[in-house]
Amino acid sequence: MAKCTITVKGNLGRDVVAKVSKSGKMYSVLSVGSTPSKKNAAGEWENGETMWFNVTVFEELNPFEFKKGAPIEVEGTFTSRSYTKKDGTTGTSLDVVANHFQLVQTQGKKAEIPNSIIPNNWQPIEEDLPF
């Protein structure tokens, strides 16, 4: 049986979700949104419809790094499956089992600490550090 591999570049649609398999091993689930773009007849870039991928990573990921909105690149085995939505219509799930993945540094943006992990009483140091 042939495997279909895919590389997805996009952003996390929600914070990473940690899970435990029936055998007791940790794994992580990511939701990655990727929006294709192409030039229109006027030569301007247009965004297409965002595609959402359910990504399974067979390791526990740091929840402070893998936060909603973080840019990510994932390479892995791709499958799609049909399912019945709550309203009775048919939906398609795009699933990736990751072989490689990495958070992507966006050009010109400085890495920031998410507000959710900064304590309320935190104050910046105003003095020169000795190193």
Which atoms form the tightest heavy-atom contact between [X] and [Y], and what is the distance?
X     : Y     : result
Gly76 : Asn99 : CA-ND2, 3.6 Å
Asn11 : Gly69 : ND2-O, 2.9 Å
Tyr27 : Ser21 : CE2-N, 3.7 Å
Ala98 : Val74 : CB-CG1, 3.9 Å

Spatial distance of atom [atom1] ([X]) from atom [atom2] ([Y]) [nearest 0.5 Å]:
X     : Y     : atom1 : atom2 : answer
Phe53 : Ile6  : CZ    : CD1   : 4.5 Å
Lys9  : Ile72 : NZ    : CD1   : 13.0 Å
Thr92 : Lys85 : OG1   : NZ    : 8.0 Å
Lys39 : Glu46 : NZ    : CD    : 12.5 Å

[X] vs [Y] side-chain heavy atoms within contact, under 4.5 Å:
X      : Y     : result
Phe101 : Val57 : yes
Val32  : Val96 : no
Val29  : Arg14 : yes

For the backbone of [Y] and the side chain of [X], can you confirm whether one donor and one acceptor N or O come within less than 3.5 Å of each other?
X     : Y     : value
Thr7  : Glu75 : no
Asp15 : Lys68 : yes
Ser28 : Val16 : no

In Val97, Leu94, Thr5, Asp95, the residue satisfying side-chain contact (heavy atoms from CB on, under 4.5 Å) with Phe78 is Leu94

Answer yes if Leu30 and Met51 sit in the same cluster of Ile, Leu, Val, Met, Phe, Trp and Tyr residues linked by side chain heavy atoms under 4.5 Å apart, and no otherwise. yes

